[in-house]
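For reference, the structure is listed below as structure tokens.
No hydrogens, no waters, no symmetry mates; every other heavy atom, side chains included, goes into these values. What you see is a predicted model; the values in this text were computed from it and never measured.
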Amino acid sequence: MTAHPQSQEIITRHLCMAADVEKYSRLDTPDQEAFQADLVRVLEEAAVLSGLDRTAWERQPQGDQEFAVLPVGTPEPVVLGGFVRNLAIRLGERNANRAEEQRMRLRLAIDYGVARTAALGYSGPAPVSVARYLNAPQLKRVLEALDSTDLALIVSARVFQDVVRLRGEGQGLDPRRYVRVHVRQKEFSDYGWIHVPEHGPEELQPLVADPEPDDAPAPVTSTVVKDNKDGVFHFGSGDAARTMHKKYYR
């Protein structure tokens, strides 16, 4: 009987989250420092209000954003429900009565999967997918277009299926308030679901629709030029236009 090494690595899966500040590069150095401090503060306050222990999160600050790996056993419905709602509230309070250029608005992405510590941060499929979801063009368009909101959330298809569709065990999650998008970023291609607190799917759908490609073929038009003086009919259709001549006798 072959003995297995006792040092076999155990693969664990974690909830992973990334928050990114919109239009951070427009800020000067003092404002960047203030925004970074405010980002940490609102995330911590939202966690405390939701009963989550952020001191147990493995966090990787990145200037205008923060990536976090949450510990095994973190209640996912609380993160998607109470934490997201409290984060939206804290952002609204932070931005109240501020000039437009001083508002802090966030994109938030959440997925679940393998995430391991590595020399420069984290490795594994979950950190990669969270980064791709965070930069989804549909999510950026939603936040840019809905000026009345300060937070736009995207979750992976697996998080939506496993947590949101179960309505979050009393956390008030409503799958009808999410809209599905197909995210294509670099080599990544998968579906995600976008949600904006206080905004319904009827507002989101026009914003997440993929634009028509620039090289889309022009619509084919058909024309008929009726009887000319010689009794000839001309039929044409786009680039394949052709002329058919028929002699009609009166």
Side-chain angles (χ1 to χ4, degrees), residues 13-20 22 42-54 57 66 68 70-96 103-113 126 129-183 190-210:
R13 292 168 177 80
H14 300 261
L15 203 63
C16 296
M17 173 192 307
D20 182 88
E22 181 193 49
V42 296
L43 290 170
E44 290 180 348
E45 291 174 349
V48 170
L49 290 170
S50 308
L52 299 171
D53 181 11
R54 227 172 89 86
W57 297 10
E66 180 185 282
L70 281 58
V72 174
T74 297
E76 294 139 352
V78 174
V79 175
L80 295 176
F83 175 78
V84 170
R85 285 194 301 274
N86 285 317
L87 181 58
I89 292 171
R90 298 306 294 152
L91 282 169
E93 293 173 350
R94 185 262 180 205
N95 292 335
R103 288 176 63 193
M104 185 168 69
R105 309 177 74 223
L106 299 182
R107 301 191 313 277
L108 187 69
I110 300 176
D111 195 6
Y112 179 81
S129 63
V130 164
R132 301 298 180 255
Y133 282 123
L134 190 66
N135 288 306
Q138 300 97 324
L139 188 66
K140 293 181 178 181
R141 290 200 301 268
V142 164
L143 188 60
E144 184 176 4
L146 296 179
D147 186 65
S148 60
T149 192
D150 298 310
L151 178 66
L153 165 71
I154 186 169
V155 302
S156 68
R158 84 176 116 260
V159 169
F160 180 83
Q161 293 293 335
D162 293 349
V163 183
V164 178
R165 287 195 66 181
L166 296 179
R167 298 183 182 272
E169 299 176 3
Q171 285 296 315
L173 299 178
D174 185 351
R176 296 170 299 181
R177 299 187 68 82
Y178 288 69
V179 296
R180 191 173 79 151
V181 296
H182 191 185
V183 178
D190 206 342
Y191 288 97
W193 293 79
I194 292 178
H195 169 64
V196 177
E198 306 302 327
H199 291 270
E202 68 282 353
E203 298 176 84
L204 305 183
Q205 287 288 3
L207 303 175
V208 302
D210 290 332

- Which heavy atom in Pro201 sits nearest to a heavy atom in Val179, and how many Å separate them? CB-CG1, 3.7 Å
- Nearest heavy-atom neighbours spanning Leu80 and Leu173: O-CD2, 3.4 Å
- Message: Salt bridge check, Glu66 against Arg54: does any charged N sit closer than 4.0 Å to a carboxylate O?
- Response: yes
- Query: How many angstroms lie between CD1 in Ile154 and CZ in Arg107, if you round to the nearest 0.5 Å?
  - Reply: 10.0 Å
- Note on the structure: salt bridge (charged side-chain N to carboxylate O under 4.0 Å, His left out) filter on Arg158, not counting sequence neighbours, yields Asp111
- Tell me, do Glu22 and Arg103 make a side-chain contact under 4.5 Å, heavy atoms counted? no
- Under the salt bridge (charged side-chain N to carboxylate O under 4.0 Å, His left out) rule, collect the residues that match up with Arg177, sequence neighbours excluded. none
- side-chain hydrogen bond (donor to acceptor under 3.5 Å, both in side chains) against Asp53, all qualifying residues, sequence neighbours excluded: Thr55
- Query: With sequence neighbours excluded, what pairs up with Glu198 under the side-chain hydrogen bond (donor to acceptor under 3.5 Å, both in side chains) test?
  - Reply: none
- Any Phe83 side-chain heavy atom under 4.5 Å of Leu52 side chain: yes
- Close side-chain approach of Asp150 and Met104, heavy atoms under 4.5 Å: no
- Query: Would you say Asp190 and Val183 make side-chain contact, with heavy atoms under 4.5 Å?
  - Reply: no
- Message: Working to the nearest 0.5 angstrom, can you tell me the gap between Trp57 CH2 and Leu15 CG?
- Response: 8.5 Å
- Can you name the nearest heavy-atom pair linking Ala157 to Trp193, along with the distance? CA-CD1, 4.1 Å
- Message: Just so I know, are the side chains of Thr149 and Arg105 near enough to count as touching, which here means a heavy-atom distance under 4.5 Å?
- Response: yes
- Query: Looking at Ala152 and Val142, what are the two nearest heavy atoms and their distance?
  - Reply: CB-CG1, 4.4 Å
- Message: Would you compute the distance between atom CG of Leu43 and atom CG of Leu106 and round it to the nearest 0.5 angstrom?
- Response: 7.0 Å
- Task: For the residue pair Val155 and Tyr178, establish whether any side-chain heavy-atom pair is separated by less than 4.5 Å.
- Result: yes
- Task: Output the distance between atom CD1 (Ile194) and atom CG (Leu108), rounded to the nearest 0.5 Å.
- Result: 12.0 Å
- Message: Could you tell me if the side chain of Tyr112 sits less than 4.5 Å from the side chain of Ser156, heavy atoms only?
- Response: no
- Message: Nearest 0.5 Å, please: how far is CG in Leu146 from CG in Leu207?
- Response: 5.5 Å
Counting only pairs under 3.5 Å, give me each side-chain donor-acceptor contact of residues 71-79, with atom names and distances, residues two or more places apart or in other chains.
residue: Thr74; atom: OG1; partner: Pro71; partner atom: O; Å: 2.7

- First locate atom CE of Met17, then atom CG of Leu87, and finally report the distance between them rounded to the nearest 0.5 Å. 8.5 Å
- side-chain hydrogen bond (donor to acceptor under 3.5 Å, both in side chains) filter on Asp162, not counting sequence neighbours, yields none
